[in-house]
Asker: 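Quick one: structure below, then a few questions.
Side chains are part of it too, since the values below use all heavy atoms of this structure and drop only hydrogens, waters and symmetry mates.
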Amino acid sequence: MIKNPRFYQNFKNIYQKTLRPNSDWSSLIRKSRDGVEGYNLPPLTKTLSTKQDLKQPQSVSSRNYDTFVSQLDNGLKIASEKLFGEFCTVGVIIDSGPRYESQFINGATHFLEKLAFNSTSSFENREKILETLEKHGAICDCQAGRDAIVYALSCRRSGLPQILSLLADTIYRPLFQDFELEQVRKAIEFELEDLSTRPDPEPLLVEMIHEAAFRDSPLANPKICPSENINKIKREDLYSYMKTLYQPNRTVLACIGADHNEFSQMAIEKFGSIKPLWDEELKFKEKKPSGKIDTRKAVWTGGSKIIEKDLSDLNQGFNNQLPELTHLIVGLESPSFMNERDFVTSCVINTLMGGGGSFSAGGPGKGMYSRLYLNVLNRYHFMFSATAYNQSYIDSGIFYIHASAPPQYLEDMCDVIGQELIRMTGPCDPVQLNRAKTQLQSMLFMNLEQRPVLFEDVARQVLSRGRREQAQYYFDRIEAIQEIDIQRVARKMLESPPAVAALGRMGRLNPYERIKKIIATKSVPRKFFR
């Protein structure tokens, strides 16, 4: 090997200039050899003694943040949980929603969702609200489900009192001006038009499967405002609905990232004595509510909701030729979230089934080893999508599979989905079961790392149970699920009459009768699958 004298000379010059006796590098090396001043640490050249006790600094994540719950004199529940960080998430969840609209005009909840954070008695227009939000670095949102409506904001902790005032005003003192109602009508009309023309009709199909499964029951009420009610809903209808359901004893005020005592004091000031607008104005104060709270329990009936429609005209543009598909949803009754053990088991079954689209990106944690991928999407070329869902309510639930295929393969699609539902009661591969439980546990912890998700979890648990169980509690419940639990809950689900929703071209086939026959006989009457 030939040495380069010039290279070594250059290296020597750099070394002498950089590590001269009085340089910072030289001082750093001496400190690492002799120990660091002020920290009482041994030098790096000395081996640490195993007998020496080193005090470990406390990690922020190792602290136990409990959920505190209290109640005001008027029945309003207050829940909070400390969380590290400059920002907090605060909001209100109300035991309200479409399931309570049986005695009112359908679509009121949809209107209230769109009208949230508009003009109030203290904020003359939406611009004033946005200015307040911007001042405190806040964002706002309102989401309505079938059994609850959530008003939520995230803001700096320093602005929490002002944001609480805004929140109370938004819920109890909205003005519902004429131009705001007109804007919401236009927005809902556009939303309905978009749902009827979009290639993925998922929201419409969810409405259809609930109508089929819970016919003449509170959960069958539409979440989306019917087109015939858009121009019927007026300010008086909304106030009447809110006067009945927006009661303190049906409400939970929750905050993530604040001390409970301080937050409770703020809640008393902002929510304890506020008077709803509908109780102040004489014309609303004297008027009795137009309906009563629907206390009926949801009853699973099963059945079908089938819309024959040509979806081939959804393609837009010459180079954007999407295939014509027929969409099918097959649903079974699943446990209520109040039935804790069976509910957790149904969540494991949902993860075990998994699914997605035929053009899904792979990778770790994407569920590519779930049953609907292995047994359906990877095996049958005509299946464009197959995904399992599980929605649970206080008195019932629905587990369903949404699948899509070209119209000529509708019968095959019914057989494939029916077969997978029957297989749920059979033997369960231990590897698949452990993978599903691990994936569900991972999703649980990862989702709860997000402050808004944690807020909604706290609010919903306190609303339904009066307390909140920590994530570790459900982690342990998931871990305890065995194969026998999967088979038991799956058999119980298959005992319920199936619910079927279908959209697209059906031909001569009735998908409901086909699915009903497969589940009743526990077999697929075709040689295609042998």
Side-chain angles (χ1 to χ4, degrees), residues 64-83 88-97 99-100 109 143-152 164 167-168 171-172 218-219 242 244-272 274 293-298 334-347 390-397 444 447-448 451-478:
N64 182 21
Y65 291 114
D66 295 324
T67 303
F68 296 94
V69 181
S70 59
Q71 184 170 318
L72 300 184
D73 295 337
N74 60 4
L76 176 69
K77 291 185 178 67
I78 302 173
S80 70
E81 186 170 317
K82 284 186 177 181
L83 194 68
C88 64
T89 297
V90 63
V92 162
I93 184 170
I94 304 173
D95 186 11
S96 171
R99 72 168 297 163
Y100 299 107
T109 303
Q143 296 289 334
R146 294 188 178 276
D147 54 356
I149 185 169
V150 180
Y151 297 81
L164 271 178
L167 179 62
I171 297 171
Y172 294 111
L219 288 177
M242 297 173 75
T244 304
L245 292 169
Y246 280 41
Q247 298 296 325
N249 60 348
R250 304 175 62 87
T251 306
V252 174
L253 174 63
C255 181
I256 303 299
D259 178 76
H260 187 72
N261 293 331
E262 296 178 0
F263 180 62
S264 298
Q265 190 60 39
M266 295 180 197
I268 293 173
E269 295 175 2
K270 309 300 182 183
F271 283 80
I274 187 170
I293 299 176
D294 190 351
T295 57
R296 294 179 300 158
K297 290 186 177 181
S334 63
S336 159
F337 60 73
M338 299 301 288
N339 184 356
E340 192 174 88
R341 183 169 181 81
D342 287 358
F343 166 67
V344 173
T345 304
S346 67
C347 292
N390 185 44
Q391 296 185 13
S392 186
Y393 305 98
I394 196 168
D395 46 10
S396 186
L444 173 68
N447 286 332
L448 289 178
R451 192 176 60 252
V453 176
L454 180 59
F455 154 79
E456 187 171 351
D457 179 62
V458 169
R460 286 187 177 275
Q461 286 201 48
V462 173
L463 180 66
S464 59
R465 301 170 182 268
R467 68 183 190 279
R468 191 226 173 196
E469 302 291 355
Q470 297 293 328
Q472 186 64 43
Y473 176 85
Y474 288 102
F475 182 95
D476 297 335
R477 296 300 181 275
I478 295 171

Asker: Would a 4.5 Å heavy-atom cut-off, applied to side chains only, mark T109 and R146 as touching?
Answerer: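 No, side chains not in contact.
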Asker: First locate atom CD of Q472, then atom CG of L444, and finally report the distance between them rounded to the nearest 0.5 Å.
Answerer: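 Those atoms lie 9.5 Å apart.
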Asker: Considering only heavy atoms from C-beta outward, does the side chain of R468 approach that of V69 to under 4.5 Å?
Answerer: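 In short, these two side chains do not touch, never coming nearer than 4.5 Å.
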Asker: Search all heavy atoms of V90 against all heavy atoms of F455 and return the closest pair with its distance.
Answerer: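 Distance-wise, the nearest heavy atoms are C-CE1, 4.0 Å.
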Asker: Side-chain contact test, heavy atoms from C-beta onward, threshold under 4.5 Å: evaluate it for I394 versus R99 and give yes or no.
Answerer: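 Yes. Closest side-chain heavy atoms under 4.5 Å.
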Asker: Can you name the nearest heavy-atom pair linking S334 to N390, along with the distance?
Answerer: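 Closest approach of S334 to N390: OG-OD1, 3.0 Å.
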Asker: Only distances under 3.5 Å count here; give the side-chain donor-acceptor pairs of residues 246-255 to other protein atoms, sequence neighbours excluded, each with its distance to 0.1 Å.
Answerer:
unit_1, atom_1, unit_2, atom_2, d
Y246, OH, Y151, OH, 2.9
Q247, NE2, K243, O, 2.4
R250, NE, D95, O, 3.2
R250, NH2, D95, O, 2.7
R250, NH2, D95, OD2, 3.4
T251, OG1, Q247, O, 2.8

Asker: Are any side-chain N or O atoms of T244 and backbone N or O atoms of I293, one a donor and one an acceptor, separated by less than 3.5 Å?
Answerer: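 Checking the backbone N and O of I293 against the side chain of T244, no donor-acceptor pair under 3.5 Å is found.
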Asker: Under 4.0 Å between a side-chain nitrogen and a carboxylate oxygen: does that hold for E340 and R465?
Answerer: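 Answer for the salt bridge query: yes.
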Asker: Evaluate the criterion side-chain contact (heavy atoms from CB on, under 4.5 Å) for residue pair E456 and T89; output intermediate values, then yes/no.
Answerer: CA-CA 10 Å; E456 187 171 351; T89 297; over 6 Å; no
Asker: Name all residues meeting the ring-ring contact (aromatic ring centres under 6.0 Å, His included) criterion together with Y474; count only those two or more places apart in sequence or in a different chain, and write none if there are none.
Answerer: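 With neighbours one apart ignored, the set is empty.
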Asker: Could you tell me the separation between the CD1 atom of I256 and the OG atom of S80, rounded to the nearest 0.5 Å?
Answerer: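 So the CD1 of I256 and the OG of S80 are separated by 7.5 Å.
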Asker: Looking only at heavy atoms, which two atoms of D395 and R296 are closest? And how far apart?
Answerer: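 Minimum heavy-atom contact is OD2-O, 4.3 Å.
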Asker: Checking D147 against R460 for the side-chain contact (heavy atoms from CB on, under 4.5 Å) test, could you report, in this order, the C-alpha distance in whole Å, the side-chain angles of both residues, the deciding distance, and whether it holds?
Answerer: CA-CA 10 Å; D147 54 356; R460 286 187 177 275; 4.0 Å; yes
Asker: Do D457 and Q461 have side-chain atoms, one donor and one acceptor, less than 3.5 Å apart?
Answerer: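 Note: D457 and Q461 side chains meet the donor-acceptor criterion.
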Asker: side-chain hydrogen bond (donor to acceptor under 3.5 Å, both in side chains) with Y473: which of Q470, E469, R477?
Answerer: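 Testing Y473 for a side-chain hydrogen bond (donor to acceptor under 3.5 Å, both in side chains) against Q470, E469, R477 leaves exactly one candidate, R477.
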Asker: Please step through side-chain contact (heavy atoms from CB on, under 4.5 Å) for the pair F271 and N74, ending with a clear verdict.
Answerer: CA-CA 10 Å; F271 283 80; N74 60 4; 5.9 Å; no
Asker: If every non-hydrogen atom of M242 is compared with every non-hydrogen atom of I171, which pair is closest and at what distance?
Answerer: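 For M242 and I171, the tightest heavy-atom pair comes out as CE-O, 3.2 Å.
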Asker: Return the minimal non-hydrogen interatomic distance between K297 and P218, and the atom names on each side.
Answerer: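 Scanning both residues, the minimum pair turns out to be O-CD, 4.0 Å.
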Asker: Please tell me if the side chains of T67 and R467 come closer than 4.5 Å, counting only heavy atoms from C-beta onward.
Answerer: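 SC-SC contact between T67 and R467 ruled out.
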Asker: With rounding to the nearest 0.5 Å, note down the distance linking CG in D259 to OG in S264.
Answerer: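 Atom-to-atom, D259:CG and S264:OG are 8.5 Å apart.
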Asker: If every non-hydrogen atom of L164 is compared with every non-hydrogen atom of A267, which pair is closest and at what distance?
Answerer: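 Shortest heavy-atom contact: CD1-N, 4.4 Å.
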Asker: Any donor-acceptor pair under 3.5 Å linking the side chain of S392 with the backbone of F337?
Answerer: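 Yes, S392 side chain to F337 backbone: donor-acceptor pair under 3.5 Å.
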Asker: Using side-chain heavy atoms (C-beta onward) and a distance below 4.5 Å, is Q265 in contact with N261?
Answerer: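 Not touching, per the 4.5 Å side-chain cut-off.
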Asker: Kindly write out the residues that satisfy side-chain hydrogen bond (donor to acceptor under 3.5 Å, both in side chains) with K270, not counting sequence neighbours, or none if the list is empty.
Answerer: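 side-chain hydrogen bond (donor to acceptor under 3.5 Å, both in side chains) check on K270 returns S165.
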